[in-house]
Amino acid sequence: MTLSSGGREALDTEHRRQFLESGYLVLPGLLPEALRERLAPEVDRWVDEGLRARSIAACADPLRLGPPPLLELELPAHGELLTHPPLLRTLTRLLGPDFVFHHLHSDRQDPGIPGKAWHHDCEPNDRSDPSLLMVHTLHYLGGLDEKVGSLAVLPGSHLRAAGKSALAHHGTAELPGEVVIDRLPPGTTVLLNSALFHTRRPAPEGPGHPRYFVDASYCQVGARWRPVKPYWRQMLARARELDLADGQWPELFAERHFTEYPGGERAGTGYAGGGERAGTEYAGGGDHARTECTRGDHARTEFTGTV
């Protein structure tokens with residue numbers, strides 16, 4: 001489902017209904033060129049200077065390595081993206097006036113990178129309330145075309161309880177009822193209900209070019225959500241220090257909306273034993289737990305440790 005440029009900044013009742021039913025919404029060109037031009041070199045720095053790898057390692061072995069030297073949201077344009085006004089106004093129509101930032105990831109996916117099997121990305125909260133939503137915002141800085149691969153989604157799959165990797169045995173294969181998103185203009189944002197199954201397909205053989213991708217997630221308040229990064233407290237504290245919310249979104253970086261990190265946390269640090277999958281940054285979903293989700297929530301979760 002695509003929202004026309006005339007409706008970028010807010011969702012009407014019909015678009016909200018369609019999003020709740022289908023689980024996704026395409027916002028063409030949501031990010032202005034000036035912001036994209038600042039984001040792309042920050043993504044290059046994040047990848048080329050090893051900062052992304054360091055962030056992954058900090059999740060894989062937090063007790064030994066401690067926090068990463070730099071957080072994505074400390075990159076100026078990335079911090080601005082988190083609170084991009086048209087994005088937050090759209091989220092307000094989906095989630096209500098009070099929602100909390102959950103996580104941010106940034107990557108440059110170079111040509112030849114494998115696809116990512118069918119999965120969903122929702123995290124549990126402590127109320128198992130099926131009315132609460134978690135939303136992923138997938139920002140495609142350069143858009144999508146035949147040279148960078150495609151995104152496929154399975155509309156309505158967020159309405160059925162299933163583990164994150166319940167469809168992973170299909171790999172990236174075509175599934176009945178899927179919608180393929182393979183033509184997007186630069187700066188397009190795809191909003192996903194975090195419980196929606198989706199897959200990243202590689203580009204067909206050929207020269208290709210990199211896919212610049214930033215992924216941020218937000219949750220409705222009303223329950224405490226499970227964090228995915230062991231240094232989540234530092235991340236939220238830094239966002240408050242930088243005043244990324246500009247005094248307008250009091251709940252956006254509030255710690256009270258989160259449970260402890262899985263596995264127990266060291267006092268005063270926010271780090272836990274266990275963590276995300278070594279060698280794989282949680283780019284829209286690590287699978288360190290088996291989670292069953294209902295309507296975009298996480299009704300039943302059995303934590304199984306690190307994978």
Side-chain angles (χ1 to χ4, degrees), residues 39-75 77-79 81-82 101-117 119-123 134 136-141 148-149 164-165 168 194 198-200 202 210-217 225-239 258 260-266 269-291 303-307:
L39 282 164
E42 289 186 354
V43 175
D44 285 332
R45 178 190 175 196
W46 185 249
V47 174
D48 294 336
E49 294 185 10
L51 295 167
R52 180 176 183 272
R54 182 66 181 81
S55 177
I56 295 169
C59 291
D61 193 357
L63 295 180
R64 184 173 65 88
L65 297 177
L70 187 70
L71 303 172
E72 292 102 319
L73 59 74
E74 292 180 297
L75 300 167
H78 280 68
L81 174 62
L82 284 184
F101 163 70
H102 192 275
H103 71 263
L104 172 68
H105 295 106
S106 184
D107 195 12
R108 184 190 64 218
Q109 298 162 345
D110 291 327
I113 187 174
K116 185 169 183 178
H119 65 286
H120 71 65
D121 300 325
C122 66
E123 291 297 324
M134 181 179 187
H136 274 62
T137 62
L138 312 182
H139 304 291
Y140 294 93
L141 305 188
V148 296
K164 285 183 177 181
S165 56
S194 299
H198 57 285
T199 183
R200 182 186 74 229
R211 170 160 49 182
Y212 284 79
F213 176 78
V214 182
D215 156 29
S217 182
W225 297 86
R226 184 175 70 183
V228 296
K229 294 189 176 185
Y231 47 87
W232 64 276
R233 282 195 174 94
Q234 174 183 333
M235 181 176 65
L236 294 176
R238 188 65 180 128
F258 292 91
E260 296 302 312
Y261 184 76
E265 301 197 26
R266 298 174 66 186
T269 66
Y271 300 102
E276 302 184 54
R277 290 182 291 179
T280 304
E281 179 152 316
Y282 178 94
D287 201 8
H288 54 274
R290 288 199 308 274
T291 307
F303 179 68
T304 58
T306 336
V307 180

Have a look at E72 and tell me which of R45, K229, R54 forms a salt bridge (Lys or Arg N to Asp or Glu O under 4.0 Å) with it.
K229

Exam field: side chain T137 to backbone S217, donor-acceptor pair closer than 3.5 Å
no

With side-chain contact (heavy atoms from CB on, under 4.5 Å) as the criterion, how do H102 and F258 come out once you've worked through the C-alpha distance, each side chain's angles and the decisive distance to 0.1 Å?
CA-CA 9 Å; H102 192 275; F258 292 91; 3.6 Å; yes

Euclidean distance, [Y] [atom2] relative to [X] [atom1], rounded to 0.5 Å:
X: D107; Y: I56; atom1: CG; atom2: CD1; result: 7.5 Å
X: W232; Y: C59; atom1: CH2; atom2: SG; result: 14.0 Å
X: L73; Y: R238; atom1: CG; atom2: CZ; result: 8.5 Å
X: S55; Y: L71; atom1: OG; atom2: CG; result: 7.5 Å
X: Q109; Y: R200; atom1: CD; atom2: CZ; result: 4.5 Å
X: H139; Y: L82; atom1: NE2; atom2: CG; result: 7.5 Å

Tell me, with the steps shown, if H78 and V43 meet side-chain contact (heavy atoms from CB on, under 4.5 Å).
CA-CA 9 Å; H78 280 68; V43 175; 3.8 Å; yes

With sequence neighbours left out, the residues meeting side chain to side chain contact (heavy atoms under 4.5 Å, CB included) with A57 are L65

What pairs with Y140 under side chain to side chain donor-acceptor pair (under 3.5 Å), at least two apart in sequence or on another chain?
none

Applying salt bridge (charged side-chain N to carboxylate O under 4.0 Å, His left out), run through R108 and E42 and close with a yes or a no.
CA-CA 10 Å; R108 184 190 64 218; E42 289 186 354; over 6 Å; no

Please report the shortest heavy-atom distance between [X] and [Y], naming the atom on each side.
X: P210; Y: V148; value: O-CG1, 3.6 Å
X: A216; Y: L104; value: CB-CD1, 3.9 Å
X: P227; Y: P262; value: O-CD, 3.9 Å
X: A58; Y: P67; value: CB-C, 4.4 Å

H119 vs H198, side chain to side chain donor-acceptor pair (under 3.5 Å): CA-CA, chis, key distance, verdict:
CA-CA 6 Å; H119 65 286; H198 57 285; 3.2 Å; yes

Could you give me the CA-CA distance, side-chain angles and deciding distance for L39 and Y212, then say whether side-chain contact (heavy atoms from CB on, under 4.5 Å) is met?
CA-CA 9 Å; L39 282 164; Y212 284 79; over 6 Å; no

Taking it one step at a time, do E74 and M235 satisfy side-chain contact (heavy atoms from CB on, under 4.5 Å)?
CA-CA 9 Å; E74 292 180 297; M235 181 176 65; over 6 Å; no

Please examine the side chains of P68 and Y231, heavy atoms only from C-beta on, and report whether any two atoms are closer than 4.5 Å.
yes

Mind running ring pair (Phe, Tyr, Trp, His ring centres under 6.0 Å) on H136 and H120 for me, showing each step along the way?
CA-CA 10 Å; H136 274 62; H120 71 65; 9.9 Å; no

